[in-house]
Student: 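Would you mind keeping the following structure in view while I ask a few things?
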Amino acid sequence: EPSIRRVLRTPEHWNRIVELAAQSGGELPPVPDAAALNRFLAARRKADPVRFPDLSLAVIKLLGRGEYALERPGQPVEGHFGLAVSSYMHSTAPNRRYPDVITQRLIKAVLSARARPYSTGELMDLAQHCTQQEDVAAKVERRVGKSAAALLLSQRLGHSFDAIITGASAKGTWARTLSPQVEGRITQDFAGLHIGQRVRVRLLYTDVARGFIDFAAER
């Protein structure tokens, strides 16, 4: 029977994950390998639990976002790279996620030998819809968190913080301070910074209503 699977595609920035592993005293193969990544992260969690949250955050950013996808019987599915499994679906919290409701309805139909409640086309549309709605919900959560963080730092303009780079692209460069743990955009002296890099930043500006936090990198 067709189903909706939770997938996380092979990361495009695997080479940067390999670099992070080397900087942390580990080693990863040049070709994406989910099992090797899991072993590396487990080892780093045990060896350096204090700094592990920073490392794992950088890896998560580089892995990219998950999504829901239709799986047809007899056809290969992308799989979930982060979990190193090929067959993974959400089915345990129908009060929280709509994809769980879909999965449980499919399972109940099979167990009772009834016709499945959705056509293949409907499942494809639902997978896309669930991914889109997940993105919308995540944006709302991020906006609330950003406003709370901006309020927290609003009285500390000019202060400097240790931070880690969490995003670096044409859209902007972002850093998360280590204490307190808040994320903001580096608007000055950001050239050459890359994800996972440690940096010292100075707070320039906050806007609580819009959730803006601006930093300058200290060189």
Side-chain angles (χ1 to χ4, degrees), residues 1-24 26-46 52-104 106-107 118 120 122-142 145 164-172 174 176 183 194-197:
E1 294 290 334
S3 61
I4 290 181
R5 298 300 173 101
R6 179 70 176 177
V7 303
L8 180 63
R9 304 185 187 281
T10 301
E12 297 179 1
H13 303 292
W14 177 257
N15 61 328
R16 180 59 193 141
I17 296 177
V18 172
E19 292 175 4
L20 284 177
Q23 292 170 9
S24 301
E27 183 178 359
L28 289 173
V31 178
D33 186 325
L37 178 59
N38 284 345
R39 289 194 297 269
F40 162 71
L41 290 174
R44 293 313 305 165
R45 182 189 291 112
K46 183 177 180 179
F52 178 76
D54 298 329
L55 173 65
S56 61
L57 175 64
V59 170
I60 288 172
K61 291 278 187 178
L62 290 166
L63 285 177
R65 297 184 302 173
E67 60 187 279
Y68 295 99
L70 172 68
E71 182 192 30
R72 293 184 175 92
Q75 294 188 3
V77 65
E78 180 76 19
H80 196 292
F81 186 88
L83 298 177
V85 295
S86 59
S87 298
Y88 173 58
M89 64 174 62
H90 285 164
S91 63
T92 59
N95 62 326
R96 184 163 60 92
R97 287 188 302 246
Y98 188 66
D100 298 61
V101 177
I102 296 172
T103 297
Q104 292 194 6
L106 291 170
I107 292 174
Y118 307 101
T120 300
E122 287 173 334
L123 283 176
M124 184 179 297
D125 291 341
L126 285 169
Q128 182 179 8
H129 175 73
C130 288
T131 298
Q132 292 172 343
Q133 293 303 107
E134 180 183 52
D135 291 343
V136 170
K139 287 179 180 179
V140 173
E141 291 177 2
R142 287 196 298 270
I164 183 172
I165 301 301
T166 56
S169 69
K171 295 181 179 180
W174 303 84
R176 179 176 65 86
E183 189 173 55
H194 52 264
I195 293 177
Q197 181 179 343

Student: Work out which heavy atom in V7 is nearest to a heavy atom in H80; give both atom names and the distance.
Tutor: C-CD2, 4.2 Å
Student: Between R6 and Y68, is NZ or CZ placed under 6.0 angstrom from the six-membered ring centre and within 45° of the ring axis?
Tutor: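 Geometry flag: set, cation within 6.0 Å and 45°.
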Student: Is there a donor-acceptor contact under 3.5 Å from the side chain of S56 to the main chain of P53?
Tutor: yes
Student: How long is the gap from CG on L55 to CD on Q23, to the nearest 0.5 Å?
Tutor: 9.5 Å
Student: What do the steps show when you test Y98 against L126 for side-chain contact (heavy atoms from CB on, under 4.5 Å), and what is the final call?
Tutor: CA-CA 9 Å; Y98 188 66; L126 285 169; 4.0 Å; yes
Student: Minimum heavy-atom separation for Q104 to S91, with atom names?
Tutor: NE2-O, 2.6 Å
Student: Supply the atom-to-atom distance I164 CD1 to K61 NZ, rounded to the nearest 0.5 angstrom.
Tutor: 11.0 Å
Student: Report yes or no: does R97 contribute a side-chain atom to a donor-acceptor pair with the main-chain N or O of H90 at less than 3.5 Å?
Tutor: no
Student: Locate the shortest heavy-atom distance separating A168 from H194; write the atom from each residue and the value.
Tutor: CB-CA, 4.1 Å
Student: Inspect the contact between R9 and E67 and indicate whether a charged nitrogen and a carboxylate oxygen are less than 4.0 angstrom apart.
Tutor: yes
Student: Can you see which heavy atom on R176 is nearest to which on L57, and at what distance?
Tutor: NE-CD2, 2.7 Å
Student: Take a 6.0 Å sphere around CD of E122 and say whether it holds more than 12 heavy atoms from other residues, nucleotides or ligands.
Tutor: yes
Student: Any non-hydrogen side-chain atom of L70 less than 4.5 Å from a side-chain atom of P2?
Tutor: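 Yes. Closest side-chain heavy atoms under 4.5 Å.
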Student: Rounded to the nearest 0.5 Å, how far apart are CD of Q128 and CG of L123?
Tutor: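 Rounded to the nearest 0.5 Å, the CD-CG separation comes to 13.0 Å.
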Student: Can you see which heavy atom on L28 is nearest to which on V18, and at what distance?
Tutor: O-CG1, 4.0 Å
Student: Are L8 and L83 close enough, and set up right, to give a side-chain contact (heavy atoms from CB on, under 4.5 Å), and what steps lead you there?
Tutor: CA-CA 9 Å; L8 180 63; L83 298 177; over 6 Å; no
Student: Mark yes when over 12 heavy atoms from residues, nucleotides or ligands other than E27 sit less than 6.0 Å from its CD; otherwise mark no.
Tutor: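 No - once you tally the heavy atoms of other residues, nucleotides and ligands closer than 6.0 Å, there are 12 at most.
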Student: So, does S24 use its side chain to make a donor-acceptor pair with the main chain of G26 at under 3.5 Å?
Tutor: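 Here the side-chain-to-backbone pair does not exist.
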Student: Return the CD to CG distance between E12 and L62, rounded to the nearest 0.5 Å.
Tutor: 11.0 Å
Student: Take E78 and T10, measure what side-chain contact (heavy atoms from CB on, under 4.5 Å) needs, and give me the verdict at the end.
Tutor: CA-CA 8 Å; E78 180 76 19; T10 301; 3.9 Å; yes
Student: Say you draw a straight line from CZ of R65 to CD1 of I60; how long is it, rounded to the nearest 0.5 Å?
Tutor: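 Reported value, rounded in 0.5 Å steps: 14.5 Å.
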Student: Tell me, which pairs form a side chain to side chain donor-acceptor pair (under 3.5 Å) where one or both residues lie in residues 30-46, sequence neighbours left out?
Tutor: none
Student: For the side chain of H13 and the backbone of R16, is there at least one donor-acceptor N/O pair under 3.5 Å apart?
Tutor: no
Student: What pairs with W14 under ring-ring contact (aromatic ring centres under 6.0 Å, His included), at least two apart in sequence or on another chain?
Tutor: F81
Student: I4 and A127: which non-hydrogen atoms are nearest, and at how many Å?
Tutor: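 That would be CD1-N, 3.9 Å.
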